[in-house]
Amino acid sequence: MKNSTFLLIIMVPLMAWSLCACANTASVARIHPEAVQGLPNCTECHTDSWSALNHQAPDFMIKHKIYAGSKFACTSCHQESFCSDCHAHKEEIKPNDKYFNSPERSLPHRGDYLSQHKIDGRINPASCFKCHGRQNNERCITCHR
Amino acid sequence: MTSVNYYEKGGDVLISHQEKKSRSIWINLLVMAGMVTAAWATLPAKPLMAADYAISGESNTILRMKTTIDGKDLYPLYEYLRFSVVSKEQDGSAISLHLGGWGRVDLGDKSSRNDHADGDLQFGYLSYQGARNNLVVNAGRQFVVEGVAAQRLDGLYARSDLAAGFAAAAYAGSPVVTEPNLTADDFVGGARVTHSDKKYYTLGISALWSLAGGSRYREEGGVDLWLRPITQVDITGSSSYNSITDGWMEHAYTASFAPIENLRLFADLSRINYSDYFYRVTTSALVFDPLTNGIDPNERLLTLGGGGSYTVLKNITVAADYRHYDYDIARAANYYGGKVTYWVPESFGAGFSVHRMDGNDARLEYLESRLYAMKKLGKATVTLDFIDVNYDNPARMNDVENALAVVVAGSYEFDKNLQLGASVDYSHNPFFDHELKGFVKLTYLFDMNRSAEGGTQSEK
């Protein structure tokens with residue numbers, strides 16, 4: 001092993017450990033201290049950055065990808081299965097069917113989606129790609145051969 | 001672009017993946033069976049658990065009923081199960097195990113192309129969460145969301161806050177792909193570094209690499225941001241670059257402004273380059289060809305949207321939205337409309353919306369309306385959802401001018417852990433004169449907190 005490689009193997013973890021040790025920030029609560037029901041408006045309690053997470057906001061759905069970059073915060077309230085309900089790599093039940101008694105939620109594929117998907121696919125196929133481009137597309141081949 | 005080489009490789013690849021899939025189904029079903037056994041085994045073990053363990057789980061048994069276009073009667077029965085064990089240490093850190101998956105058996109005709117039974121392990125990982133620095137280390141099947149990555153992988157993930165407002169995350173593993181998994185990638189890795197000010201911003205830079213048989217498969221880089229310059233303003237966005245095609249895949253930015261508590265204005269902008277964005281797809285539905293699906297593979301889409309919502313009275317909100325779709329090749333389209341909602345949490349809610357699509361194709365001209373309502377009656381909840389789409393050019397929609405769907409649903413909570421729900425879905429649409437679908441769902445929650453933790457994870 002070259003000396004430079006050996007130094008790299010030693011130095012990189014050491015540097016990472018040093019940076020972690022210097023940070024010394026308190027972790028976000030592993031479980032949200034207050035039980036939350038339905039779609040919360042985080043501004044009701046939070047005044048810091050978490051106040052932006054107003055789940056009732058009409059643009060929350062489009063922004064949630066960026067917020068999910070802080071997934072350790074999402075897990076304070078959400079189980080991993082909540083992500084999988086939509087972002088599955090293999091799924092046979094539509095999210096709006098799983099949440100059939102929550103019509104207020106912004107969930108894709110409501111109504112006659114067999115007809116509607118042709119329209120959504122034409123107008124903005126990127127909206128399909130995020131969930132079906134490289135995963136969860138087993139059923140597409142039924143028609144799209 | 002070499003995205004769908006399933007069709008080029010021929011039968012050998014197909015057989016190989018069918019065999020792989022068959023084995024995978026049985027492995028997944030075995031894992032599911034193991035999870036059920038483990039979950040139920042923990043119930044009598046309750047008194048033996050140490051003080052700082054928490055066990056939680058949820059079982060959803062679902063029966064769907066429908067008849068297909070070709071006359072098959074489908075009665076797939078599903079079991080969705082999630083299970084978590086968390087051990088909270090004295091120093092505030094925690095070690096946890098999370099498992100989730102589903103299995104399906106067809107009680108009627110086959111509901112998929114292959115077997116009467118199928119299943120999948122959606123996630124299964126061991127996690128360490130540190131008491132300091134938001135340190136997270138996960139090992140196993142997991143969903144990683146870090147900048148350009150929204151990737152499910154079998155592998156390792158770690159993130160931590162670093163000094164001076166920096167944080168870093170890294171991951172590596174094997175991408176979780178389903179059939180048609182074809183000649184997809186077999187290794188994926190990536191990283192993201194962010195700098196944050198708790199009050200004002202988070203800026204991130206990220207990269208993702210994947211390999212197939214040692215060759216470059218995907219190489220993406222990007223920046224992301226979350227800005228809060230003042231309390232009332234929230235800006236998010238990202239740009240991603242495909243370094244194999246040498247082009248920007250997407251720019252997507254949104255901004256919202258809430259000058260007063262009951263008013264929120266928002267706007268968004270996105271630019272998508274199809275040839276860079278739809279790269280290495282595994283479905284022919286997203287392989288574009290003007291002759292087959294009318295979409296040019298070199299198309300570029302610019303969307304500009306905006307709107308606002310205003311809470312007129314407590315629980316009553318009105319909202320309006322507009323989105324303009326502009327293409328380099330196809331003709332532009334506009335989508336606009338409004339919505340009124342009345343919502344009293346855990347009691348009653350209703351909403352009505354109308355949207356108009358003026359598109360670049362006869363199929364993209366329609367008026368869409370939706371009316372929904374939810375009412376809680378003691379332990380029971382009833383909901384109604386009505387969606388109507390009126391097409392300007394029925395000739396393009398199998399001569400159906402008006403497509404409608406009505407969903408009537410109800411659920412009953414026997415106690416806080418057990419709920420039974422069902423829905424009936426009727427629709428008249430371009431494929432069916434009359435279509436009737438049924439759905440029954442039995443939910444059982446089992447949570448055993450062995451410590452005096454504060455709240456509960458109320459959301460699934």
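Everything numeric in this text was worked out from a predicted model, so none of it was measured.
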(request) Mind listing the closest non-hydrogen atom pair of B/F288 and B/I295 along with its distance? (result)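 For B/F288 versus B/I295, the nearest heavy atoms are CB-O, 3.3 Å.
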(request) Indicate the atoms forming the closest heavy-atom contact of B/S112 with A/R139, along with that distance. (result)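 Reported closest heavy-atom pair: CB-NH2, 3.5 Å.
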Part of [X] lying under 4.5 Å from any heavy atom of chain A:
X      : result
B/V136 : side chain
B/E346 : side chain
B/F439 : side chain
B/I387 : side chain
B/I62  : side chain
B/A285 : both
B/A169 : neither
B/A255 : backbone
B/N133 : both

(request) Below 4.5 Å from any heavy atom of chain B, which atoms of A/F72 appear? Answer side chain, backbone, both or neither. (result)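 For A/F72, side-chain heavy atoms alone lie under 4.5 Å from chain B.
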(message) Would you say the rings of B/F123 and B/F143 are close, in the sense that their centroids are separated by under 6.0 Å?
(response)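 Here the rings of B/F123 and B/F143 have centres that are no less than 6.0 Å from each other.
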